[in-house]
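A short worksheet on the structure shown next.
Being a predicted model, the structure only gives us computed values, none of them experimental. Each chain gets a letter, A, B and so on, in the order the sequences are listed, and its residues count up from 1.
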Protein chains: 2
Amino acid sequence: MSNNQFKRGELYSVINGMATTAVARRLQKNFRNAGLDITIEQWSVLYHLWKEDGLSQLELGNRTFRDKASTTRLIDNLEKQELVIRVASKDDRRINLVYLTDIAKPLQQITYELANQTMNEALSNISKEEIEVVKNVFQRVYDNLTSKDLS
Amino acid sequence: MSNNQFKRGELYSVINGMATTAVARRLQKNFRNAGLDITIEQWSVLYHLWKEDGLSQLELGNRTFRDKASTTRLIDNLEKQELVIRVASKDDRRINLVYLTDIAKPLQQITYELANQTMNEALSNISKEEIEVVKNVFQRVYDNLTSKDLS
DNA sequence: TTATATTAGTTGCATAACTAACTATATGTC
DNA sequence: GACATATAGTTAGTTATGCAACTAATATAA
């Protein structure tokens with residue numbers, strides 16, 4: 001086992017455990033402290049609906065990197081909290097289009113502010129150039145692992 | 001909301017959803033294809049025990065970035081699969097020391113190989129310098145969010 | 001030395017993840 | 001039109017996560 005390989009193994013635990021978990025936990029805590037009763041997973045769905053309302057469940061799953069079973073239950077919970085509603089598509093009745101309710105709409109601004117605030121804390125003392133490298137590396141990692149699928 | 005801030009909000013979804021999830025899923029798949037019946041979360045615990053056997057549950061939680069409740073249940077499952085055993089410390093009977101069993105020990109080599117192989121796939125075409133930047137950024141993100149705790 | 005506080009671990013409750021098997025609707029082919 | 005196939009979503013089963021409240025053991029302080 002070469003030294004280079006071992007370093008890559010170490011990187012795995014860095015990537016997967018540490019920083020992203022810390023960011024997620026802090027953002028969740030900031031939501032809670034602000035009296036917002038939503039999870040960051042629910043927020044990730046709302047985030048895409050604020051950008052484009054009325055997406056299908058499958059499209060929401062693609063954009064948030066979830067399989068369809070996970071997406072189903074997240075939307076179950078969002079619907080229970082009356083933040084979204086499912087509407088069967090008229091063109092294709094297999095498809096559920098997901099729409100924001102009037103309860104969800106005003107949450108956009110406050111949650112964006114909390115997310116920005118959290119990222120500012122997380123990324124203070126980190127340069128734009130470094131951020132660009134991270135984004136770029138992550139995109140390429142994603143591409144490396146999804147282009148040729150194993151099944 | 002400044003343009004810079006918005007970019008940081010975008011970064012959050014990149015960091016948290018995409019690449020790390022893809023790496024975790026691929027590694028899990030590679031374990032399964034090799035006939036290994038362990039989760040990557042269980043592996044993260046074994047990984048630290050292979051480096052240093054007989055850690056306390058709390059110490060294992062610290063090293064794998066989990067709270068003590070999650071650690072308890074992860075070790076419950078590892079114990080059910082007979083991969084580790086709990087031994088009460090003689091010095092302080094509140095403490096459980098966690099030890100690898102003879103079943104777990106031979107898994108080290110094969111899982112390291114699969115992890116390295118997965119990271120090689122994930123990081124092909126990514127330079128050492130870029131990897132260093134990512135590691136460094138993640139360490140600083142973690143430090144930024146854990147030095148001054150909110151509670 | 002007894003009362004109080006701290007620490008390590010467990011348990012209950014809720015949310016979320018993935019796989020595999022399932023239902024229902026649409027599409028394609030003969 | 002009928003049969004096979006593909007697609008969107010749901011459900012069952014298992015594992016994992018976090019918070020809060022709890023127990024048991026140890027340390028501190030009066």
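- At whole-Å resolution of the value, NZ in A:Lys90 and C1' in C:dT25 are 17 Å apart.
- Look at CZ on A:Phe31: it is 15 Å from P on D:dC19, rounded to the nearest Å.
- Atom pair B:Asp76:CG and C:dT11:C1' shows a separation of 10 Å (rounding to whole Å applied).
- Listed nucleotides D:dT10, C:dT25, C:dG9 differ in distance to B:Thr72; the shortest reach to its side chain belongs to C:dG9.
- The nearest pair of heavy atoms linking B:Leu49 to B:Val98 is CD2-O, 3.6 Å.
- The distance between the ring centers of B:Phe138 and B:Phe65 does not fall below 6.0 angstrom.
- The CG atom of B:Leu60 sits 13 Å away from the C1' atom of C:dA8 (whole-angstrom rounding).
- For the helix from C:dT1-D:dA30 to C:dC30-D:dG1, the angle separating the two terminal helix axes comes to 10°, with each axis derived from five pairs and the value rounded to 10°.
- Between the side chain of B:Glu121 and the backbone N or O of B:Thr118 there is no donor-acceptor pair closer than 3.5 Å.
- Taken together through direct or relayed side-chain contacts under 4.5 Å among Ile, Leu, Val, Met, Phe, Trp and Tyr, A:Val45 and A:Ile110 form part of one hydrophobic cluster.
- Rounded to a whole Å, the CZ atom of B:Arg93 is 13 Å from the C1' atom of C:dA8.
- Straight-line distance from the CD1 atom of B:Ile95 to the P atom of D:dT26: 9 Å, rounded to whole Å.
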Every protein N/O within reach of nucleotides 14-24 of chain C N/O, cut-off under 3.5 Å:
unit_1 : atom_1 : unit_2  : atom_2 : d
C:dA16 : OP1    : A:Thr39 : OG1    : 2.5
C:dA16 : OP1    : A:Gln42 : NE2    : 3.4
C:dA16 : OP2    : A:Asn77 : ND2    : 2.5
C:dA17 : OP1    : A:Arg66 : NE     : 2.5
C:dA17 : OP1    : A:Arg66 : NH2    : 2.9
C:dA17 : OP2    : A:Arg66 : NE     : 3.3
C:dC18 : OP1    : B:Arg25 : NH1    : 2.1
C:dC18 : OP2    : A:Asp67 : OD1    : 3.3
C:dC18 : OP2    : A:Ser70 : OG     : 2.9

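- Checked by atom type, the side-chain pair B:Ser44/B:Glu41 shows no donor-acceptor distance below 3.5 Å.
- Nearest heavy-atom pair, B:Asp37 versus B:Gln81, reported as atom, atom and distance to 0.1 Å: O-NE2, 3.0 Å.
- No hydrogens or angles considered: a donor-acceptor pair under 3.5 Å links the side chains of B:Asn96 and B:Gln57.
- When the C1' atom of C:dA8 is taken as reference, atom CD1 of B:Ile75 falls 12 Å away, rounded to whole Å.
- In this structure, A:Glu59 pairs ionically with A:Arg63, as a charged nitrogen and a carboxylate oxygen lie closer than 4.0 Å.
- Using a cut-off of 4.0 Å between Lys/Arg side-chain N and Asp/Glu carboxylate O, B:Asp102 and B:Lys105 are scored as salt-bridged.
- Computed from coordinates, the A:Leu58 CG to C:dA26 C1' distance equals 15 Å when rounded to whole Å.
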